[in-house]
Amino acid sequence: MIRGSLLGIIWMICCVCTSLQQETTFVYNGFDQGDHRIHLDGGARILRKNDVLQLTNETTTQIGRAFFEQPIEFKPSEPVSFSTHFVCALVRVGDVSGHGMAFFVSHSTDFVGAEPTRFFGLFNANGAASTRVLAVELDISKAPDVLDISDNHVGIDVNSAKSVKAENASYFSDREGRKVDMNLLSGDPIQVWVDYVGTTLNVSIAPLENQKPSRPLLSSPSINLTEIVQGRRMFVGFSGATGSIMVNQYLLGWSFSKSMASLQKIDISKLPKVPHPSNKNKSSSTVRNALLGLIAFLVLGLVFGAYMYRRNLYAEVREEWEKEYGPLRYSYKSLYKATKGFSRDEFLGKGGFGEVYKGTLPRNIELREVAVKKVSHEGEHGMKQFVSEIVCMRSLKHRSLVPLLGYCRRKHELILVSEYMPNGSLDHYLFNHDRPTLPWPRRFAILKDIALALSYLHTEADQVVIHRDIKASNVMLDAEFNGRLGDFGMSRLYDRGTDPSTTAAVGTIGYMAPELTTMGPSTVTDVYAFGVFLLEITCGRRPVEAGFSAAKRFLVQWVGERWRRSSLLDVVDPRLTEFSSWEVERVLKVGLLCANLAPEARPSMEQVVQYLNGNLALPEFWPYSPGIGVLTPTAFSQAQLMVPSLSLSSSSSNNSMFITHSLLYGSGR
Ligand SMILES: *[C@@H]1O[C@H](CO)[C@@H](O)[C@H](O)[C@H]1NC(C)=O
Ligand SMILES: *[C@@H]1O[C@H](CO)[C@@H](O)[C@H](O)[C@H]1NC(C)=O
Ligand SMILES: *[C@@H]1O[C@H](CO)[C@@H](O)[C@H](O)[C@H]1NC(C)=O
Ligand SMILES: *[C@@H]1O[C@H](CO)[C@@H](O)[C@H](O)[C@H]1NC(C)=O
Ligand SMILES: *[C@@H]1O[C@H](CO)[C@@H](O)[C@H](O)[C@H]1NC(C)=O
């Protein structure tokens with residue numbers, strides 16, 4: 001009975017012994033949470049997701065250990081030796097490096113007193129803690145107090161963090177025949193081999209894809225392991241620690257044996273992947289993706305904005321009915337470029353209907369200078385007819401008309417392109433005293449030019465064209481100072497679309513025939529305006545001068561008054577020194593005749609041309625003839641003129657404006 005139980009005990013011991021024996025050789029190709037042979041200590045854990053053993057769990061000043069639960073024991077007959085091969089990775093969390101990890105062989109698993117940071121959770125400043133340790137450190141920080149050689153080294157530690165031997169991380173490449181540097185903190189898997197035979201401890205490292213180097217990185221010939229761990233029984237495992245900075249220390253695979261010959265191969269292909277913060281930290285990667293998305297969105301937005309800006313910048317209104325005017329149509333882009341983006345440098349002036357810019361358009365090979373007028377308008381009502389009229393006017397060919405070259409349409413904007421007149425408009429020479437004045441023969445020639453142009457519009461063109469806005473500022477001077485009539489038909493743009501019940505007359509104050517509001521524009525209203533223009537060019541003053549005394553304020557009335565006092569030549573522009581009094585007198589009388597209050601008493605433009613050329617005698621008329629040199633049918637009265645003078649004083653006479661005729665004449669009619 002006793003013998004039986006004794007045998008049983010011996011058998012059991014043998015079993016345990018053999019089981020122990022068997023367990024001194026093992027291999028891990030990745031780690032399994034259910035495997036209880038690995039003891040986890042501190043922050044160490046096996047990641048469920050990918051079978052990776054992580055030594056520290058992303059907390060600062062922390063220690064984590066993982067060791068083979070059963071001690072490795074050597075029989076007295078056995079030589080103390082071992083061989084191990086493991087694959088690990090150090091992955092940075094932030095921008096700065098932290099601390100590394102170590103493989104250890106220890107006397108016990110009781111590490112009381114061990115410190116984190118540069119002590120790897122194995123040692124402290126005084127050396128070994130409560131247990132005796134041999135360690136191989138993979139160190140990524142350079143701590144001066146433990147005599148680290150660099151922040152990227154491998155060292156052999158005997159009961160102290162001060163290595164007995166250390167080398168910068170590198171391996172001997174058999175293929176290249178030289179040492180190749182390695183970065184421990186690259187985040188890539190690192191293979192480490194530690195072999196101990198006799199008293200020699202060799203350490204090698206290499207990247208994952210490499211074979212074990214033929215020459216070790218470290219070789220220490222005088223390591224007495226039984227003395228270090230004080231016995232033939234020892235624990236093997238890994239320890240890692242963090243300080244104020246975290247680094248993730250991962251173990252992907254591990255093989256261990258008492259002898260190099262029995263060491264099992266790690267199957268590299270079965271090893272888990274190194275977890276990287278980029279695919280680990282979902283929240284930060286979402287933040288980054290969102291950021292990238294936002295940047296992409298902004299870039300797209302900018303590109304789209306620029307596209308829309310360009311599109312908007314050059315946007316035009318183009319309708320089906322315009323197709324027939326194709327060749328007359330200018331693109332807004334070409335006009336924009338011709339005027340340097342309607343730059344202030346190219347600004348010529350503000351005409352009656354819009355701003356005028358000088359432009360340079362390419363024509364065949366040479367450049368052509370043009371005047372580009374921007375006319376703003378509300379709504380598209382009547383635009384079709386207006387454009388067709390403008391285009392018709394292009395067929396008007398007379399040497400005293402400013403040729404219209406084409407047009408362009410935009411929303412609320414019509415752009416007209418005409419020939420550029422280098423000497424500008426006549427009014428500048430008449431009223432700007434800083435410009436040289438025009439001598440009488442030139443003035444006489446200009447007014448005959450305009451008379452011919454107007455006569456052409458009224459009679460010789462295919463259809464009767466009413467100019468509607470004759471005045472000195474619409475008379476342009478070409479390079480030879482010939483008079484050219486511009487802006488014909490423009491006022492029609494403003495006529496259209498207005499409520500017919502409000503009979504607002506369009507034109508320029510002082511040039512508007514009295515019947516304009518009631519009868520509408522006609523050739524005789526043009527004749528009236530031309531009459532005023534004749535007086536204007538001869539007297540060198542505007543038709544209405546709000547600042548003048550009541551007697552001089554209205555040109556037509558003033559000239560009539562002078563004639564009635566038999567001093568007609570008093571009205572001549574004082575800047576004119578030499579002139580033919582016969583010509584001047586004739587021009588003034590034709591002017592008064594044209595500005596007759598009664599429309600039916602005015603001559604036609606054909607007659608006017610003949611009067612001016614002296615080919616036709618003037619009709620009989622006297623200073624006191626009805627309608628001559630007066631503004632109202634009744635006798636002139638001071639009180640009646642005070643009303644308009646008040647309303648006119650705020651707007652100087654040159655500008656085109658809308659005015660209801662009744663304001664000026666209403667009380668007298
Ligand atoms: C990390 O491990 C320590 C134990 O060492 C534990 O107290 C702590 O809660 C763990 N932290 C995380 C984030 O898992
Ligand atoms: C290790 O590398 C550092 C630079 O990283 C260098 O200063 C040092 O001299 C190297 N030490 C050895 C032993 O090669
Ligand atoms: C250690 O490396 C040396 C060469 O540096 C070699 O001669 C020796 O056999 C190696 N010992 C072991 C145990 O690998
Ligand atoms: C190692 O140390 C032990 C005890 O300290 C000693 O008995 C043994 O002879 C040493 N071995 C060698 C090879 O020096
Ligand atoms: C993960 O992201 C959170 C918040 O986005 C951050 O606080 C944390 O430090 C990040 N951790 C790692 C390991 O990147």
Side-chain angles (χ1 to χ4, degrees), residues 24-25 72-86 90 92 96-100 103 105-107 118 127-128 131-144 146-174 177-186 190-206 210-234 236 247 255-266:
T24 54
T25 293
I72 311 294
E73 283 192 84
F74 295 89
K75 282 179 240 156
S77 56
E78 245 182 330
V80 175
S81 69
F82 70 88
S83 251
T84 188
H85 176 202
F86 58 91
L90 300 174
R92 60 171 79 234
V96 278
S97 73
H99 299 278
F103 166 76
V105 184
S106 69
H107 170 74
R118 60 193 179 279
T131 185
R132 314 267 300 166
V133 188
L134 167 78
V136 173
E137 62 171 47
L138 304 179
D139 199 347
I140 50 175
S141 71
K142 184 175 179 180
V146 292
L147 312 175
D148 283 342
I149 59 162
S150 72
D151 60 359
N152 183 42
H153 65 267
V154 181
I156 297 170
D157 301 343
V158 177
N159 291 322
S160 168
K162 292 177 189 158
S163 306
V164 296
K165 204 146 194 170
E167 282 287 349
N168 283 340
S170 67
Y171 65 96
F172 183 82
S173 166
D174 295 296
R178 63 175 185 93
K179 260 169 79 171
V180 178
D181 289 334
M182 269 183 83
N183 178 11
L184 295 177
L185 197 51
S186 68
I190 304 161
Q191 298 188 83
V192 183
W193 294 266
V194 182
D195 300 302
Y196 177 69
V197 178
T199 55
T200 306
L201 185 77
N202 286 359
V203 180
S204 300
I205 61 169
N210 286 49
Q211 295 290 316
K212 184 180 181 181
S214 60
R215 297 187 205 169
L217 172 64
L218 291 171
S219 181
S220 185
S222 50
I223 300 287
N224 187 335
L225 193 56
T226 42
E227 192 185 319
I228 293 169
V229 300
Q230 295 184 324
R232 303 175 75 85
R233 181 179 180 271
M234 53 199 78
V236 292
V247 159
S255 174
F256 183 90
S257 177
K258 278 184 175 176
S259 75
M260 217 189 288
S262 58
L263 187 72
Q264 289 167 270
K265 261 184 131 57
I266 291 178

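Counting starts at 1 for both ligands and their atoms, following the listed order. Basis for what follows: all heavy atoms, side chains included, without hydrogens, waters or symmetry-related copies.
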Any donor-acceptor pair under 3.5 Å from Ser141 side chain to Ala143 backbone: no
Sidechain-backbone polar pair: Thr199 side chain, Pro221 backbone, donor-acceptor under 3.5 Å: yes
Residues Ser83 and Asp195: side-chain donor-acceptor under 3.5 angstrom: yes
Atom 2 (O) of ligand 2 [closest protein heavy-atom partner, distance rounded to 0.1 Å]: Asn168 ND2, 2.3 Å
Ligand 2 to Asp151 polar contact by distance, N or O atoms, under 3.5 Å: no
Heavy-atom protein neighbour under 4.0 angstrom from atom 14 (O) of ligand 2: yes
Atom indices of ligand 4, in the order listed, that fall short of 4.0 Å to a heavy atom of Glu227: 2 (O), 5 (O)
Protein heavy atom under 4.0 Å of atom 11 (N) of ligand 2: yes
Residue part near ligand 3, for Met260, under 4.0 Å between non-hydrogen atoms: side chain
Heteroatom distance test (Asn202, ligand 3): nitrogen or oxygen, under 3.5 angstrom: yes
Heavy-atom donor-acceptor pair, Asp148 side chain to Ser150 backbone, under 3.5 Å: no
Which residue and heavy atom of the protein sit nearest atom 1 (C) of ligand 4, plus the separation: Asn224 ND2, 1.4 Å
Atom 7 (O) of ligand 4 protein-contacted, heavy-atom criterion under 4.0 angstrom: no
Atoms in ligand 4 flagged as close to Thr199, the criterion being non-hydrogen separation under 4.0 Å: 13 (C)
Closer than 4.0 Å: a protein non-hydrogen atom to atom 4 (C) of ligand 4: no
Donor on one side chain, acceptor on other, His85 and Ser255, under 3.5 Å: no
Plane angle bin for Phe82 and Phe256 - parallel if under 30°, tilted between 30 and 60°, otherwise perpendicular: parallel
The single option from Leu201, Asp157, Val164, Asn159 passing side chain to side chain contact (heavy atoms under 4.5 Å, CB included) against Leu134: Leu201
Subset of ligand 3 atoms that lie under 4.0 Å from at least one heavy atom of Val197: 13 (C)
Straight-line distance of Ile190 CD1 to Leu184 CG, nearest 0.5 Å: 5.0 Å
